[in-house]
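First the structure, in the form of structure tokens, and then the observations on it.
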Amino acid sequence: MGGSSKVIIETALLSREEKIRACQIAAEAGASYVKTSTGNALSGATVEDIRLMRQTVGDRCGVKASGGITTLEQTLAFIEAGATRVASRVAVDILEALK
């Protein structure tokens with residue numbers, strides 16, 4: 001995959017083994033980063049999923065947490081778990097909380 005590409009892995013719908021394999025395939029294909037959710041599933045990112053995705057892809061690509069992230073505390077937990085990007089519909093509110 002040339003340039004900047006993301007692979008969305010709808011983690012809420014997959015088993016642990018499926019998440020690992022999807023991350024492996026994305027990283028091997030040269031994805032810039034893997035993302036947890038489209039935002040259309042019943043649930044979004046979890047700290048456990050971010051940790052698993054980071055562990056699986058290592059430093060081969062970034063990891064983006066997405067879906068249901070609404071607080072600064074959640075954002076920081078995802079970053080600590082290995083997310084290099086965090087998506088939120090209330091990003092402005094989260095950034096305001098830093099002040």
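- Summarising the geometry of Tyr33 relative to Ser4, their closest heavy-atom pair is CE2-OG, 4.5 Å, with the distance given to 0.1 Å.
- Looking at every heavy atom in both residues, Arg54 comes nearest to Ala81 through CB-O, 4.0 Å.
- For the pair Arg21/Ile25, a side-chain contact is recorded, criterion being any heavy-atom separation below 4.5 Å from C-beta on.
- Minimum interatomic distance between Ala97 and Leu72 (heavy atoms only, all atoms of both residues): O-CD2, 3.8 Å.
- Separation of atoms OG (Ser32) and CZ (Arg60) is listed at 13.5 Å; rounding is to 0.5 Å.
- Using a 4.5 Å cut-off between side-chain heavy atoms of Ile, Leu, Val, Met, Phe, Trp and Tyr, with links allowed through other members, Leu14 and Leu52 fall into different hydrophobic clusters.
- Side chain to side chain, Thr56 and Gln24 fail the donor-acceptor criterion of an N or O pair below 3.5 Å.
- Distance check, rounded to the nearest 0.5 Å: NZ of Lys64 to NZ of Lys35 gives 4.5 Å.
- The two residues Ala31 and Ser5 come nearest to each other via the heavy atoms CA-OG, 3.5 Å.
- With rounding to the nearest 0.5 Å, the separation of CZ in Arg89 from OG1 in Thr70 is 11.5 Å.
- Atoms CD1 and CG, on Ile9 and Asp49 in that order, are 9.5 Å from each other to the nearest 0.5 Å.
- Grouping the Ile, Leu, Val, Met, Phe, Trp and Tyr side chains by contacts below 4.5 angstrom, directly or via other members, places Leu95 with Val86.
- Both Leu76 and Leu98 sit in one connected hydrophobic cluster of ILVMFWY residues. Membership requires side-chain heavy atoms under 4.5 Å apart, directly or through other members.
- In this structure, Phe78 and Val47 have side chains that are in contact, with non-hydrogen atoms separated by less than 4.5 Å.
- In the hydrophobic clustering of ILVMFWY residues, with side-chain heavy atoms under 4.5 Å counting as a link, Ile50 and Val57 come out together.
- In this structure, Gly68 and Gln74 approach most closely via the heavy-atom pair O-NE2, 3.5 Å.
- Thr84 places a side-chain N or O within donor-acceptor distance of the main-chain N or O of Val63, the cut-off being under 3.5 Å.
- Looking only at distances, a side-chain donor or acceptor of Thr11 sits under 3.5 Å from a matching main-chain atom of Thr36.
- Taken together through direct or relayed side-chain contacts under 4.5 Å among Ile, Leu, Val, Met, Phe, Trp and Tyr, Val90 and Ile79 form part of one hydrophobic cluster.
- For the atom pair NZ (Lys19) and CD (Glu17), the distance works out to 9.5 Å, reported to the nearest 0.5 Å.
- For Ser66 against Ser37, the heavy-atom pair with the smallest separation is O-CB, 3.3 Å.
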